[in-house]
Novice: 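Submitted below is the structure of interest, expressed as structure tokens.
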Amino acid sequence: MSRSGREPAPKQRGSRAPSLTLKAGRERSLKLRHPWIFSGAIDRVDGDPPSGSTISVLAADGTPLARAAYSPSSQIRARVWSFESDVLIDALFIAAAVVRAAASRETLFDADHTAARIAHGESDGLPGVVADRYGDVVVVALLSAGAELWRSTIVDAFAALPGVRCVYERSDAEVRTLEGLPSRAGVAWGALPPSMTMREDGLEYVVDPVAGQKTGFYLDQRDNRRLVRTLARGRRVLNAFCYTGGFTLAALAGGATGVVSIDSSGEALAQGRANLALNPALAANHNQWIEADAFADLRRLRNEGATFDLIVLDPPKFAPTAAHAERASRAYKDVNLLALKLLAPGGQLATFSCSGGVSSDLFQKIVAGAALDANATVQIQRRLGPSPDHPVALNFPEGDYLKGLLLRKS
Ligand code: SAH
């Protein structure tokens, strides 16, 4: 398979390279090194650049500000590769960024930890490129026109990392349609082993990059699963939105007396059971997997008078953007209200939101509203975020999607 990605030569009008000129006064966010250029900020595009190709970004007075990937169908019309306006964006530039991102995760791998996110999009200087490494397999998602154009370079760069045997592509997220890109999934390089497992904190998990959600596992919660493990001794635990049981296994490893795990996906639960079977030391007597809508099932548990000492709430993204924030707020409030009612006095709730459209401040307000309605006195013991392999670039607050609170009910 080719190891040399090439950018198609951009069509040029006259002698000018393709460029995008901002409206007067719209260069501020570029100067703050924010990597997105929205369609509304653009005065004109010259040179008829093809989708994904590199353009120069110019201020209204013609001052060069950045080199960016052009995305004609997206509201995010361009994503910056570099704020050095004279840098050449070529295969070497892209491959070097991949290698840098992967190298910054090296210390996260050891005998007990065989998986981590090795590229996290804009925050790693790789707009639209997400990659998770599970042992010798890299699962990559290309989510922007620029990432798509450099596909073979990016795949080859991951393939060239030491020990990698397969690069599997999961470019099938919905955001691809906003970029005018078709959905694509399959082996991009090498051969996918028939089954895959990974280790996190010494626990074994099956990973299914083909049929699993996202790239197969929610690696962003690694540190929070460890936290739950330290809190679980002697506790009756409820894990709502459990997916394949990451928090369930962590709680059992920490000495929970029993865990009730709820998810609406039967496949995820089947894999949760398989994960438990992979770790015979965890065989728990009081372990229950429930396929249900978590909202309905939390209500049922409440009606039956159940209580728990430790609850994990890790729902899916209710608000992908700020426009969905209001409806999402109601959903977060409902589910947190139900959880707080199910929590025994002195119990703890680890509650999360992975909605980019809900800020930490808003999330705290929603949870405070839920506590008020539940008539519960609640303290924040800790603010939670993603593991360090999901960094947030300081100039890219949109990257700050996962927020959480560890709460204690009096
Ligand atoms: N905590 C998990 C990740 C959770 S992802 C981990 O550590 O791996 C969110 C999960 O919510 C997904 O598994 C999805 O299937 C599930 N889900 C989505 N809507 C749901 C609903 N209404 N009720 C129950 N589960 C739901």
Side-chain angles (χ1 to χ4, degrees), residues 113 115-117 132 134 139 173-174 197-201 203-209 211-229 231-232 237-254 256 259-276 278-279 288-301 310-320 324 327-328 330-336 338-339 342 349-356 358 384-387 389-390 401-406:
H113 302 89
R117 174 151 298 188
D132 289 341
Y134 303 105
V139 184
E174 229 180 290
T197 59
M198 58 161 264
R199 213 167 302 127
E200 180 187 86
D201 266 333
L203 299 171
E204 293 286 332
Y205 295 91
V206 182
V207 183
D208 183 353
Q213 298 181 15
K214 302 280 173 75
T215 69
F217 203 77
Y218 290 93
L219 293 170
D220 52 0
Q221 291 285 26
R222 167 173 162 168
D223 286 4
N224 297 320
R225 283 188 285 263
R226 184 178 307 155
L227 172 67
V228 160
R229 186 170 177 163
L231 301 174
V237 178
L238 171 64
N239 180 13
F241 308 94
C242 67
Y243 187 48
T244 57
F247 282 105
T248 304
L249 268 67
L252 291 171
V259 185
V260 173
S261 307
I262 304 170
D263 202 279
S264 55
S265 159
E267 296 94 62
L269 292 170
Q271 225 181 80
R273 287 198 185 86
N275 284 335
L276 194 51
L278 267 182
N279 297 271
Q288 221 187 327
W289 302 91
I290 302 174
E291 182 177 343
D293 169 51
F295 292 83
D297 214 54
L298 261 53
R299 214 162 267 124
R300 173 189 67 82
L301 286 165
L310 177 60
I311 299 179
V312 178
L313 282 186
D314 186 20
K317 190 158 62 177
F318 293 141
H324 305 81
R327 224 184 81 218
R330 274 198 299 278
Y332 284 119
K333 185 172 174 187
D334 276 0
V335 78
N336 279 281
L338 287 165
L342 285 166
L349 168 63
T351 181
F352 299 95
S353 159
C354 59
S355 292
V358 173
L384 307 173
S387 306
D389 53 343
H390 292 62
Y401 70 101
L402 179 64
K403 62 281 304 176
L405 296 168
L406 176 66

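As the structure lists them, so they are numbered: ligands from 1, and atoms in each ligand from 1. This structure is a prediction, so every number in the text was calculated from the model and none was measured.
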Novice: For atom 4 (C) of ligand 1, what's the nearest protein heavy atom and its distance?
Specialist: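 Protein heavy atom with the smallest distance to atom 4 (C) of ligand 1: Phe241 O, 3.2 Å.
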Novice: Within ligand 1, which atoms have a heavy atom of Phe247 less than 4.0 Å away?
Specialist: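 Every atom of ligand 1 under 4.0 Å from some heavy atom of Phe247: 1 (N), 7 (O).
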Novice: Of all the heavy-atom pairs spanning Tyr332 and Pro315, show the shortest one and how long it is.
Specialist: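 Scanning both residues, the minimum pair turns out to be CE2-CG, 3.8 Å.
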Novice: Please verify whether a non-hydrogen atom of Ile262 lies at under 4.0 Å from ligand 1.
Specialist: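 Contact absent.
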Novice: Measure across Leu338 and Phe295 and return the closest heavy-atom pair with its distance rounded to 0.1 Å.
Specialist: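 That would be CD1-O, 3.6 Å.
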Novice: In ligand 1, which numbered atoms sit nearer than 4.0 Å to a non-hydrogen atom of Tyr243?
Specialist: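 Selected atoms, number and element: 2 (C), 3 (C), 4 (C), 8 (O), 13 (O).
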Novice: Considering the heavy atoms of Ser265, write down every atom of ligand 1 situated less than 4.0 Å from one of them.
Specialist: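 Those atoms are 15 (O).
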Novice: What closest approach, in Å, do Arg117 and Asp389 show between heavy atoms, and which atom pair accounts for it?
Specialist: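 Closest pair (atom of Arg117, atom of Asp389, distance): N-OD2, 2.9 Å.
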Novice: Does at least one non-hydrogen atom of Thr244 fall below 4.0 angstrom from an atom of ligand 1?
Specialist: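 No heavy atom of Thr244 comes that close to ligand 1.
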Novice: Could you check atom 23 (N) of ligand 1 against the protein and tell me its nearest heavy-atom contact, residue, atom and distance included?
Specialist: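 Heavy-atom neighbour on the protein nearest atom 23 (N) of ligand 1: Ala294 N, 2.8 Å.
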Novice: Using non-hydrogen atoms of the residue, decide whether Ala292 is closer than 4.0 angstrom to ligand 1.
Specialist: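 Right, Ala292 reaches ligand 1.
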Novice: My understanding is that only one of Val312, Val237, Leu406 makes a side chain to side chain contact (heavy atoms under 4.5 Å, CB included) with Leu231; could you say which?
Specialist: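 In the set Val312, Val237, Leu406, the residue that makes a side chain to side chain contact (heavy atoms under 4.5 Å, CB included) with Leu231 is Leu406.
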Novice: Would you name the heavy atoms of Phe217 and Asp132 that are closest together and state the gap between them?
Specialist: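 Phe217 and Asp132 have their closest heavy atoms at O-OD2, 4.3 Å.
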Novice: Below 4.0 angstrom from a heavy atom of Asp293, which ligand 1 atoms are there? Numbered from 1 as shown, please.
Specialist: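 Going through ligand 1 atom by atom, the ones under 4.0 Å from Asp293 are 21 (C), 22 (N), 23 (N).
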Novice: Report the part of Ala240 (side chain from C-beta onward, or backbone N, CA, C, O) that has a heavy atom under 4.0 Å from ligand 1; answer both or neither where that applies.
Specialist: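 Neither; no heavy atom under 4.0 Å.
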Novice: Tell me whether Pro316 reaches ligand 1 (any heavy atom closer than 4.0 angstrom to a ligand atom).
Specialist: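 Pro316: in contact with ligand 1 (<4.0 Å).
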Novice: Which heavy atom of Glu204 sits nearest a heavy atom of Leu249, and at what distance?
Specialist: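 Answer, listing the atom of Glu204 first, then Leu249: O-CD2, 3.9 Å.
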Novice: Quick one: nearest non-hydrogen protein atom to atom 6 (C) of ligand 1, plus distance?
Specialist: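 I find the closest protein heavy atom is Arg225 NH1, 3.6 Å.
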Novice: Is a side-chain donor or acceptor of Asn239 paired with a backbone partner of Gly245 at a separation under 3.5 angstrom?
Specialist: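 Looks like no, no N/O pair under 3.5 Å.
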Novice: Tell me which protein heavy atom sits closest to atom 16 (C) of ligand 1, plus the residue, atom name and distance to 0.1 Å.
Specialist: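 Ranked first by proximity to atom 16 (C) of ligand 1 is Asp263 OD2, 3.2 Å.
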Novice: Give a yes or no on whether Arg300 atom CZ has more than 12 heavy-atom contacts from other residues, nucleotides or ligands under 6.0 Å away.
Specialist: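 Enclosed.
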Novice: Does Ser355 use its side chain to pair, donor to acceptor, with the backbone of Val358 at less than 3.5 Å?
Specialist: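 Checked: no pair found.
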Novice: For Phe241 versus Asp314, what's the shortest heavy-atom pair and its separation?
Specialist: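 For Phe241 and Asp314, the tightest heavy-atom pair comes out as CB-O, 3.2 Å.
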Novice: Of all the atoms in ligand 1, which lie at a distance below 4.0 Å from a heavy atom belonging to Asp314?
Specialist: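 Listed by number with element: 1 (N), 2 (C), 3 (C), 4 (C), 9 (C).
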Novice: List the closest protein heavy-atom neighbour of atom 25 (N) of ligand 1: residue, atom name, distance to the nearest 0.1 Å.
Specialist: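 For atom 25 (N) of ligand 1, the nearest protein heavy atom is Ser264 N, 3.1 Å.
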